[in-house]
2 protein chains.
Amino acid sequence: MANTFRQFLSAIAPISDEEYSDTMSFFSERALKKGDFFVEQDKVCRHIGFILKGTLRTYYINEKAEEITSCFCTENNLATSYKSFILQEPSNLIVQAVEDTKLLVIDYQSLQELYSRSAVWQTIGRAVAEREYIVMEQYASVLNNETAKEKYLRLLKEQPSVLQVVKIEDIASYLGVTRRTLSRIRKDLNN
Amino acid sequence: MANTFRQFLSAIAPISDEEYSDTMSFFSERALKKGDFFVEQDKVCRHIGFILKGTLRTYYINEKAEEITSCFCTENNLATSYKSFILQEPSNLIVQAVEDTKLLVIDYQSLQELYSRSAVWQTIGRAVAEREYIVMEQYASVLNNETAKEKYLRLLKEQPSVLQVVKIEDIASYLGVTRRTLSRIRKDLNN
DNA sequence: TGAATTTTGGGACATTTGTCCTTTCAGGCC
DNA sequence: GGCCTGAAAGGACAAATGTCCCAAAATTCA
C-alpha cells in the first residue's frame with residue numbers, strides 16, 4: 001500500500017529498510033470523502049499528507065468572496081498548507097478533497113521528532129522544502145509568462161485527470177481568468 | 001561588516017560565536033559593478049549570495065525574446081538562481097546587478113560541507129528553503145489575485161528603493177503588464 | 001559640453017477580457 | 001417520469017489592456 005511513498009522518499013535520499021519501517025510508525029492513514037476538508041481556513045495546518053489515491057484542491061477566499069484555486073494535488077504528491085505548516089500559524093489556504101481520497105499523514109510534532117533523530121530526515125526535510133520551492137517557482141513563472149490558453153493546455157497535458165473531477169469555475173480561477181474567458185478558450189480549441 | 005548576515009542567520013537558528021566564526025571561513029566577499037552578472041543564462045549557478053549592499057534583478061528571456069523580471073533582490077536578502085543552485089543544472093534565470101553591489105557568497109560544495117558537518121547548518125539549510133518557498137508562494141498568490149495596480153502599490157510599499165534604480169520596462173514585466181499599461185497606472189495614481 | 005542613444009509618457013485604434021444575462025443540459029430526488 | 005437545482009455555454013455590451021507609434025526627457029560617452 002505505502003510502496004509508492006517509499007519510492008517517493010527514495011527519490012530524495014537513500015533510506016534503509018530499517019529506517020523506513022522505524023519512521024513509518026510516525027505516519028498514519030487517513031481517508032477523506034468528497035468534499036471533506038484536509039485543511040480548514042484560519043486553522044493551523046498540523047499535517048503533511050502524501051496522496052495515495054484521489055485529488056485535492058487548494059484554494060483561498062479573496063476579498064470579493066471568490067474562491068481562487070492555487071493548486072490541484074494529485075496522486076503520489078504531497079498535500080498540505082505548507083506555509084501554515086512550516087510556521088504553525090493559521091492557514092489562509094483551504095485544502096479540500098474533490099473526490100474520495102486516501103492519504104498517509106504525519107503531524108508537525110512527529111516530523112520535528114524525526115528531524116532531531118535522524119540526519120536522513122534532516123536531508124529529506126530540506127529536500128522536500130527545496131522541491132516545493134521549485135514547484136512554486138515553476139507555477140509563478142507560468143502565471144507570469146503564459147497566456148490563459150497556454151496554461152489550460154499545460155494543465156490538460158500535465159494533470160488531465162483534474163479536468164474530470166473539478167468544476168470549470170475552479171479551473172478558471174486556477175488559470176487566473178473568469179469562467180467566460182475559459183469558455184471562449186475551450187470553444188477556440190474545438191475549432 | 002558582516003553583522004547584518006549574523007542577524008540574518010540568528011533569526012533562523014541560534015548560532016554560537018564559535019560556530020559563526022567557523023562557518024564564516026566558508027564565505028567570501030564579492031563586489032559587482034552595475035550591469036555585472038551574478039548568474040549567467042544557461043550556466044550552473046554555483047553560489048548563494050547574501051546582499052550586503054546594492055540591488056540585483058532576476059529575469060529570464062521568453063520565446064519572444066523579451067526580458068521577464070521575476071524578482072528584485074535587495075539588501076539583507078539572498079540572491080541566487082535557487083533552482084539551478086539546488087539541482088546544479090543550467091540556469092534559465094539571469095541575475096544581474098542593477099547598481100554597484102556587495103555580496104557575501106558561499107559556493108555549492110562549501111555549503112554541502114557545512115550541511116554534513118553541522119546540525120545547525122542542516123537546520124539553516126532547511127529553514128532557508130522553507131523561507132524561499134514562502135516568499136515564492138506569496139509572489140504566486142499576488143500574481144494570481146492582485147491587479148497590476150495593486151501589485152505596483154505593493155512594490156512601492158515593500159521595496160520603494162527598487163523604483164529608484166531599475167527601468168520602468170523591468171517593473172512592467174515584473175507586474176505582468178506592458179510598459180503602456182504601467183504608464184496608465186502611474187498616471188492614474190498622480191490623480 | 002554636445003551629439004547620439006536610451007528611456008519614458010502618452011495618443012489612436014485593435015484586441016482581449018470582464019460583466020451581466022439567458023438558455024440549455026445533466027444529475028439527484030420525490 | 002417530471003421537477004428542481006446547479007453547472008456550463010455563449011450573446012451583447014463595457015472596460016481594460018495591448019500594439020504601434022512619436023515626441024519629450026534623461027542618460028551616456030567621446
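Residue numbering restarts at 1 for every chain, and letters A, B, ... go by the order of the sequence lines.
Closest to the side chain of A:S183, out of D:dA9, C:dT7, C:dT17, is D:dA9. Relative to the side chain of B:R179, the nucleotides C:dG9, D:dG18, C:dT7 differ in distance, and C:dG9 lies closest. In this structure, the nucleotide among C:dG9, D:dA9, D:dG18 sitting nearest to the side chain of B:T178 is D:dG18. For A:R184, the listed nucleotide lying nearest its side chain is D:dA12; candidates were D:dG10, C:dT7, D:dA12. Checked against C:dG18, D:dA8, C:dT8, the side chain of A:V177 finds its nearest nucleotide in C:dG18.
Below 30°, between 30° and 60°, or above 60°: for B:F8 and B:F50 the angle between ring planes is between 30° and 60°, a tilted geometry.
For A:K102 (side chain) and A:L52 (main-chain N/O), no donor-acceptor pair under 3.5 Å exists by modelled atom type. Here the side chain of A:T123 pairs a donor or acceptor atom with the backbone of A:A119 at under 3.5 angstrom.
A salt bridge does not link A:K167 with A:E67: none of the charged nitrogens is closer than 4.0 Å to a carboxylate oxygen.
Note on A:K64: nothing from the nucleic acid sits closer than 4.0 angstrom, heavy atoms only.
In summary, the side chains of A:Q122 and B:Y115 do not present any donor paired with an acceptor at a separation below 3.5 Å, with no hydrogens or angles considered.
Across the protein-nucleic acid pair, A:L175 atom CG and C:dT16 atom C1' stand 16 Å apart, rounded to whole Å. A:E146 has its CD atom 18 Å from the C1' atom of C:dT16, to the nearest Å. Rounded to an integer number of Å, the gap from B:L182 CG to C:dG9 P is 8 Å. With rounding to whole Å, B:I168 atom CD1 is found 16 Å from D:dA25 atom P. Residue A:K187 contributes atom NZ, which lies 15 Å from atom P of C:dT17 at whole-angstrom precision. Counting to the nearest Å, the P atom of D:dT28 and the NZ atom of B:K167 are 11 Å from each other. Across the protein-nucleic acid pair, B:E169 atom CD and D:dT19 atom P stand 12 Å apart, rounded to whole Å. Regarding B:R186, its CZ atom lies at a distance of 20 Å from the P atom of D:dA16, rounded to whole Å.
For A:R180 against D:dG11, a side-chain-to-base donor-acceptor contact under 3.5 Å is present.
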